[in-house]
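Following: one structure in structure tokens, then a few remarks.
We count ligands from 1, going down the list as the structure has it; atoms in each ligand are counted the same way. Only a predicted model underlies this, so the values are computations on that prediction, with no experimental measurement involved. We number each residue from 1, following the sequence as shown. Any value given below was found using the heavy atoms of this structure, including those in side chains, with hydrogens, waters and symmetry copies removed.
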Amino acid sequence: MTISVIVPCFNEEEAIPLFYAAMEAIKAELAEDLEYIFINDGSKDQTLPVLRELSQKDPSVTYLSFSRNFGKEAALYAGLRHATGELVTVMDVDLQDPPELLVQMREILLANPDLDCVGTRRTTREGEPPIRSFFANLFYKLINRISQVEMVDGARDFRLMRRPMVDAILEVSEYNRFSKGIFAWVGFKTEYLEYKNVERVAGETSWNFWQLFNYSLEGIVNFSDAPLTLAFLGGVIACLLAFILMGIVIVRTLIFGDPTSGWPSMVSIILFLGGFQLLTIGILGKYIGKIFMETKHRPIYIIKEKSDSR
Ligand code: UDP
Ligand code: MG
């Protein structure tokens, strides 16, 4: 059996040799053939030359090089499409997905014919800024309430899958890819292996707080229409309140006259409604933006160069 190892790389010249060495070190224990598929996601450093050299040395190393940075999600998709193995794993190159776990994951998978996938879950978020962990927790609480698919808190993309699950993921060819959601959405039986957070071996994370915030918004918009429902419900409540207030104002004017008082309350109401409308339009806009990108039917990634070892 061959295990396809999919590794997205963005500016990872330092990490790639370390990753490769760590994988080769567990190869014997894995007792399977490995097929590496590195994806150079538009790196600006020496990632591509490093991959070229590696694939020349080792025929089991192949690479795809994108024409620009398309993002990790696109890289994962490209890797999955090119994987030929019966088993497929996706791993970060920074060794935050410990290769040693793969041995255990394979054993669990092969011991349970019912199981389609063994995933990994971080039980700690050590070495991460507390504010980041706080928002991450909040995100998982929220998404699991408002979305049909269940996303496991702390679950990484790092997983070992059987072929049928991979084929199912490939069927989900949407442009707006939120892998954590897609892995959950396709179903199949997944068991999670827990481990302690490991820090990046070299290089730097390419995520800042703002990007992570956007990423979680992606997750919500891609896997839930609850915000639309909320906007709708808010609109209904605002309407009802407006009718009641209107009634009160009319009755009060009929009984007491006094047409000019009540200016502050009017301004407050106008401001509130104005703000509320902008908010709901904003929510609508988020979804329309997604539809817009989706209807263009643009390719998810563009390959500029491939290793020719296959
Ligand atoms: N990555 C990528 N494209 C990007 C950003 C990241 O292919 O635009 C890769 C990166 O090289 C690494 C993995 O995705 O192998 C995870 O990235 P990173 O370690 O920066 O994320 P973190 O572990 O901090 O969530
Ligand atoms: Mg990392």
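A salt bridge links Arg200 to Glu12: at least one charged side-chain nitrogen sits closer than 4.0 Å to a carboxylate oxygen. Taking the charged nitrogens against the carboxylate oxygens, Lys72 and Asp92 do have a contact shorter than 4.0 Å, which makes a salt bridge.
The closest protein non-hydrogen atom to atom 1 (N) of ligand 1 is Phe10 CB, 3.7 Å. What sits closest to atom 23 (O) of ligand 1 on the protein, heavy atoms only, is Gln96 OE1, 2.6 Å. The closest protein non-hydrogen atom to atom 5 (C) of ligand 1 is Ser206 OG, 3.3 Å. If you check which protein heavy atom lies closest to atom 7 (O) of ligand 1, you get Pro8 CB, 3.3 Å. The nearest heavy-atom contact from the protein to atom 24 (O) of ligand 1 is Thr205 OG1, 2.7 Å. Looking at atom 8 (O) of ligand 1, its nearest protein heavy atom turns out to be Asn69 ND2, 3.1 Å. For atom 14 (O) of ligand 1, the nearest protein heavy atom (residue, atom name, distance) is Lys72 CD, 3.3 Å. Considering only non-hydrogen protein atoms, atom 16 (C) of ligand 1 sits nearest to Asp92 OD2, 3.2 Å.
Interface of Cys9 with ligand 1, defined as ligand atoms under 4.0 Å from a residue heavy atom, comprises 7 (O), 11 (O). Close approach of ligand 1 to Arg200 (heavy-atom distance below 4.0 Å) involves ligand atoms 18 (P), 19 (O), 20 (O). Shown in contact with Asp94 at under 4.0 Å from a heavy atom are these atoms of ligand 1, numbered in order with element: 19 (O), 23 (O). Under a 4.0 Å criterion applied to the non-hydrogen atoms of Asp41, ligand 1 contributes the atoms 2 (C), 3 (N), 4 (C), 7 (O), 8 (O). Taking every non-hydrogen atom of Gly71 and a distance limit under 4.0 Å, the qualifying atoms of ligand 1 come out as 3 (N), 8 (O). Numbered from 1 in the order shown, with element, the atoms of ligand 1 that lie under 4.0 Å from a heavy atom of Glu12 read 10 (C), 11 (O), 12 (C), 15 (O).
Tyr215 and Phe178 have tilted rings, their planes meeting at an angle from 30° to 60° on a 0 to 90° scale.
Remark: ligand 1 and Ala75 share no N or O pair separated by less than 3.5 Å (distance only, no angle test).
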Quick one: do Phe135 and Phe213 satisfy side chain to side chain contact (heavy atoms under 4.5 Å, CB included)? Show the steps, please. CA-CA 8 Å; Phe135 279 104; Phe213 178 75; 5.8 Å; no
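Here the closest heavy-atom approach between residue Leu54 and residue Phe38 is recorded as CD2-CE1, 4.1 Å. Taking every heavy atom of both residues into account, Cys117 and Arg159 meet most closely at SG-NH1, 3.8 Å.
The environment of Arg81 atom CZ is sparse: at most 12 non-hydrogen atoms of other residues, nucleotides or ligands sit within 6.0 angstrom.
For Tyr36 and Asp58, the side-chain atoms include no donor-acceptor pair closer than 3.5 Å.
The only member of Val88, Asp116, Ile108, Ile3 that meets side-chain contact (heavy atoms from CB on, under 4.5 Å) when paired with Leu160 is Ile3.
Here the N, O or S atom of Asp94 that is nearest to the Mg ion (ligand 2) is OD2.
Phe66 does not carry Arg68 over the face of its six-membered ring by the limits of under 6.0 Å from the centre and within 45° of the normal.
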